[in-house]
Amino acid sequence: VPPPPLLVRDVFSTLRKISVQTGTGSNRQKKNLIVKLMRSCREKEIKFLVRTLARNLRIGAMLRTVLPALGRAVIMNSLWKCHNNEPSENCFREKLEGISAAVVEAYNILPSLDVVVPSLMGKDIEFSTSTLSMVPGIPIKPMLAKITNGVQDVFKLFQDKAFTCEYKYDGQRAQIHQLLDGTVRVFSRNGDETTSRFPDLVGVIKQFASPAAETFMLDAEVVATDRKNGNKLMSFQELSTRERGSKDTSITTESIKVEVCVFVFDIMFLNGEQLLALPLRDRRKRLNDVFPETRPGYLEYAKEITVRAEEASLDNQDTLLKINAFLEEAFQSSSEGIMVKSLDADAGYYPTKRSDSWLKVKRDYVDGLGDTLDLVPIGAWHGNGRKAGWYSPFLMACFNPETEEFQSVCRVMSGFSDAFYIEMKELYSEDKILTKKPPYYRTGETPDMWFPAEVVWEIRGADLTVSPVHHAALGLVHPSRGISVRFPRFIGKATDRNPEECSTAADIAEMFHAQTRKMNIKSQH
DNA sequence: TTTGTCTGCCCC
DNA sequence: ATTCTGC
DNA sequence: GCAGAATGGGCAGACAAA
């Protein structure tokens, strides 16, 4: 007897069951449930089931596909109801696009289908963004920034406009809400609740927020800080060692091993009023009302300088010097770089959408400023999806002349053109593929194939990290861990170099020590 | 209990 | 997070 | 100019296996 066909309701309830399984033996239970589902699959169902489980079908299609479709469905339904004959093509299309956009916009500030859908159904073609408002407790999509290749680029976009430069702290984005009942909740960049990880932060917000501020939503960066050492800012890597807590259990204030400081920089909502349309200059005034006082090492405003409209010109040498000095100061103060934001013109808070009203300048975007390594490809994996049939990523190594080893530094998959992949596929074939790992390759990685060390590539990254898997400079910085690189990408071939002339373990150890912002080795075991 | 491996609409 | 490609 | 795809380092936590 074949198993019964799949019904949406049963698939859904099984997925629910899988999602709540925890503890010893839970993996086996989950496996059994999945096998049961799979046995009932007909034709293409198995493909969609597997992709749903393996995350490939959870592709974030909500904003671009599902919501416009919802808008369409409602409009088509209602227009056909009131016109017996088909409405004119043009008017129809306009209406569709208008409502689709309105639904997306509404979801950006109120990402809850439970709220948006009933409103859409109720208002029908009268639906517009203004019929809905932000709700403390539901995080809005955060505003994002665009990469800028140096201060010159900034002027192109902000010529004759007043703007501000703020430190870009290397921590974790936090959207902080205070609800009507006084509760404070913290959300991550992706809208996940992280309140349980930051009980101390909740306390600080409650303590410093003006009593006149009953409800609000703030944008901020949480940064690891060393209070015993003059509130020196610590690395992102250090911040990430903080405990996480779970959905219903906070970490305890006593168990906190990494202290944090919150740097606030924006406010989107205050006492029932939506502030998204206000220019940044005015939002800042509101933010100042909420926090009339701050405390170093606990709660601070993001450090900033303001450039007046009449100063905002590439010919203005003073402005250029001022910004470059500020950028340099940001680097010295353990920041990643600066954020540049228009203050008056086009200076609203645009959730997710108009992602270019904020600019970011980091050392590694600017030619000639960032750290660059000369590394040797020593292996690779088989690529997936559109990179199937090519090598991706590659495993890169430095050379240690003391031990005569090639020690892995990082994988890299970014920065290659399609043409380069094809070239590498041809180059690394037949006798250029080793049958096993040479003994003088040192790495915790196991690539699909090993290559002979023959060429050198230039690799750029944001900064160097202490690694559990890569063995570059092992023993030089840390007894059992090597050095790796954050955000690695391929810049080009270093055609003039032999593999023995690539970056050495000693070079990399020295670069690590030269960093302002780095993992504190002594605190490690 | 301890150690090893894998995952995360993770964080960057 | 970064980058390239296709639309 | 934008979305989409394919992936980077590294952490704590969760689970399985020893």
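Reminder, nothing fancy here: chain letters follow the sequence lines and each chain counts from 1.
Residues from residues 327-338 of chain A with heavy atoms under 4.0 angstrom of DNA chain D: there are none.
For A:Arg64, the side-chain atoms get nearest to D:dA3 when compared with the rest of D:dA3, C:dT3, D:dC11. In this structure, of C:dT3, D:dG9, D:dG8, it is C:dT3 that holds the atom nearest to the side chain of A:Ile147. In this structure, the nucleotide among C:dT2, D:dG9, D:dA3 sitting nearest to the side chain of A:Phe236 is D:dG9. When each of C:dT2, B:dC11, D:dG10 is scored by its nearest atom to the side-chain atoms of A:Gln172, the top-ranked nucleotide is B:dC11. Closest contact between the side chain of A:Arg411 and the listed nucleotides B:dC12, D:dG9, D:dG10 involves D:dG9. Listed nucleotides C:dT3, C:dA1, D:dA12 differ in distance to A:Lys257; the shortest reach to its side chain belongs to D:dA12. For A:Met413, the side-chain atoms get nearest to D:dT7 when compared with the rest of B:dC11, C:dT3, D:dT7. Of the candidate nucleotides D:dC11, D:dG13, D:dG8, D:dG13 has the atom nearest to the side chain of A:Glu243.
The neighbour count for A:Gln152 CD, taken as heavy atoms of other residues, nucleotides or ligands under 6.0 Å away, does not exceed 12.
Summarising the geometry, the separation between CH2 on A:Trp457 and P on D:dG8 is reported as 14 Å, rounded to the nearest angstrom. Between the P atom of B:dC11 and the CD atom of A:Glu221 lies a distance of 13 Å, rounded to the nearest Å. Here the P atom of nucleotide D:dG10 and the CZ atom of A:Phe487 are 11 Å apart, to the nearest Å.
Here A:Thr194 does not reach the OP1 or OP2 of B:dC11: none of its side-chain N or O atoms lies under 4.0 Å away. Residue A:Arg481 places at least one side-chain N or O closer than 4.0 Å to OP1 or OP2 of D:dC11. Side-chain N/O atoms of A:Asn190 include one lying less than 4.0 angstrom from OP1 or OP2 on B:dC10. Side-chain N/O atoms of A:Thr465 include one lying less than 4.0 angstrom from OP1 or OP2 on D:dG10. Look at A:Thr241 and you won't find any side-chain N or O under 4.0 angstrom from OP1 or OP2 of D:dC11. Side-chain nitrogen and oxygen atoms of A:Ser188 include at least one within less than 4.0 Å of the OP1 or OP2 phosphate oxygen of B:dC11. Taking 4.0 angstrom as the limit, A:Lys360 places a side-chain polar atom (N or O) nearer than this to OP1 or OP2 of C:dT2. The side chain of A:Gln237 places no N or O atom within less than 4.0 Å of a non-bridging phosphate oxygen (OP1 or OP2) of D:dG9. Contact annotation: A:Lys362 side-chain N/O to C:dA1 OP1/OP2 distance is not under 4.0 Å.
The aromatic rings of A:Tyr441 and A:Trp450 lie tilted to each other, with the angle between the two planes from 30° to 60°.
Nearer the 5' end of DNA chain D, as judged by each residue's closest nucleotide, is the contact made by A:Thr65, out of A:Val409 and A:Thr65.
Nucleotides D:dA6 and B:dC11 have their P atoms positioned 23 Å apart, rounded to a whole Å.
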Grab the N/O contacts between the protein and nucleotides 4-7 of chain C below 3.5 Å, and write none if there aren't any.
residue, atom, partner, partner atom, Å
C:dT5, OP1, A:Asp418, N, 3.0

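For A:Arg244 and D:dC11, a side-chain-to-base donor-acceptor distance below 3.5 Å is present, hydrogens and geometry of angles not being considered.
Taking the centre of each ring, A:Phe394 and A:Trp381 stay at or above the 6.0 Å mark.
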